[in-house]
Amino acid sequence: MKNGLKVFCSLVFVFTAGMGTSVADGHFDNAIKARKAVMALYAWNLGQLGAMAKGDIEYNAEAAQIAAENIKIMATMNMGSAWPQGSDSTALPGKTRAKVEAWSTYPESAEINKKLAAAAVAMSDVAGDGVDAVRANIGAIGGACKDCHTKFREAE
Ligand code: HEC
């Protein structure tokens with residue numbers, strides 16, 4: 001009886017310890033998924049504007065305006081919850097490309113995000129005014145993306 005209880009207790013311990021680990025990992029998995037999703041939406045919307053700027057697709061004022069607004073909305077959302085401490089590529093190699101420096105040099109990454117937000121606001125003010133306005137403003141957006149990736153994203 002005594003032994004049986006001991007075995008039962010250690011089984012409970014192993015089970016809950018295992019569960020604790022998987023819950024923690026699962027939490028990071030979803031956070032990483034969420035921030036990658038935001039990035040994918042950035043790329044999709046910026047891609048629309050880029051294709052118009054290059055002439056690969058015909059300029060369309062409404063579509064340009066929508067893409068610019070989408071980037072603005074995302075750049076001004078507070079998605080800090082998707083960047084928990086410890087969810088960096090040093091701790092979780094292969095799961096994320098976010099460098100630990102994004103946390104250790106904070107608020108540098110947030111400053112770049114502010115630049116992106118300002119560039120996105122500038123773009124959304126004029127994106128419907130013609131392809132030249134898109135061309136004039138796209139560099140500042142792409143530059144902010146690139147700046148952050150150069151500093152805080154692992155190469156593939
Ligand atoms: C403040 C920093 C920052 C800004 C600004 C930023 N990114 Fe990122 N981006 C990252 C980091 C860090 C990752 C790696 C995320 C991860 O793997 O967890 C990333 C990943 C990505 C990815 C890969 C997503 C995946 O599925 O692995 C794409 C695409 C991307 N960014 C596009 C963009 C575009 C387009 C912009 C600008 C409109 C942008 N990013 C702005 C930091 C930034």
Side-chain angles (χ1 to χ4, degrees), residues 17-156:
M19 231 174 54
T21 313
S22 71
V23 166
D25 285 354
H27 177 67
F28 283 155
D29 280 353
N30 288 337
I32 292 167
K33 215 186 275 178
R35 71 199 188 203
K36 285 183 180 175
V38 174
M39 294 294 162
L41 295 179
Y42 272 145
W44 171 254
N45 286 282
L46 190 60
Q48 302 290 301
L49 294 170
M52 287 186 215
K54 276 194 248 162
D56 290 347
I57 59 174
E58 204 179 323
Y59 173 77
N60 174 293
E62 196 190 350
Q65 190 62 46
I66 289 169
E69 296 279 343
N70 287 346
I71 295 171
K72 181 177 79 175
I73 289 165
M74 289 185 287
T76 52
M77 284 191 300
N78 185 335
M79 282 298 294
S81 58
W83 301 86
Q85 281 277 351
S87 66
D88 55 81
S89 60
T90 304
L92 304 168
K95 285 199 166 189
T96 174
R97 288 164 67 199
K99 288 186 184 171
V100 70
E101 284 80 7
W103 287 266
S104 64
T105 67
Y106 196 83
E108 218 184 301
S109 56
E111 292 303 326
I112 301 174
N113 209 68
K114 274 189 202 160
K115 278 189 202 157
L116 174 62
V121 168
M123 173 69 96
S124 69
D125 283 347
V126 297
D129 296 349
V131 72
D132 286 341
V134 172
R135 288 190 182 124
N137 284 280
I138 202 162
I141 295 184
C145 314
K146 201 173 162 213
D147 197 11
C148 202
H149 294 158
T150 305
K151 288 189 176 127
F152 301 121
R153 187 175 72 167
E154 301 280 0
E156 250 172 318

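When a ligand or atom number is given, it counts from 1 through the structure's own listing order.
- T90 OG1 to E101 CD: the interatomic distance, rounded to the nearest 0.5 Å, is 6.5 Å.
- For K115, the NZ atom sits in a loose shell: 12 or fewer heavy atoms of surrounding residues, nucleotides or ligands are nearer than 6.0 Å.
- For the side chain to side chain donor-acceptor pair (under 3.5 Å) test, no residue two or more places apart in sequence or in another chain qualifies with K146.
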Distances only, to 0.1 Å: what are the N or O pairs between ligand 1 and the protein that fall under 3.5 Å?
| residue | atom | partner | partner atom | Å |
| --- | --- | --- | --- | --- |
| ligand 1 | 7 (N) | H149 | NE2 | 2.9 |
| ligand 1 | 9 (N) | H149 | NE2 | 2.9 |
| ligand 1 | 17 (O) | T96 | OG1 | 3.3 |
| ligand 1 | 17 (O) | R97 | N | 2.8 |
| ligand 1 | 18 (O) | R35 | NE | 2.9 |
| ligand 1 | 18 (O) | R35 | NH2 | 3.3 |
| ligand 1 | 18 (O) | T96 | OG1 | 2.6 |
| ligand 1 | 31 (N) | H149 | NE2 | 2.9 |
| ligand 1 | 40 (N) | H149 | NE2 | 2.8 |

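- Two residues are said to be in side-chain contact when any heavy atoms from C-beta on lie closer than 4.5 Å; I138 and L46 meet this criterion.
- Taking 4.0 Å as the cut-off between side-chain N and carboxylate O, K151 and D147 count as a salt-bridged pair.
- For S124 against Q65, the heavy-atom pair with the smallest separation is O-NE2, 2.8 Å.
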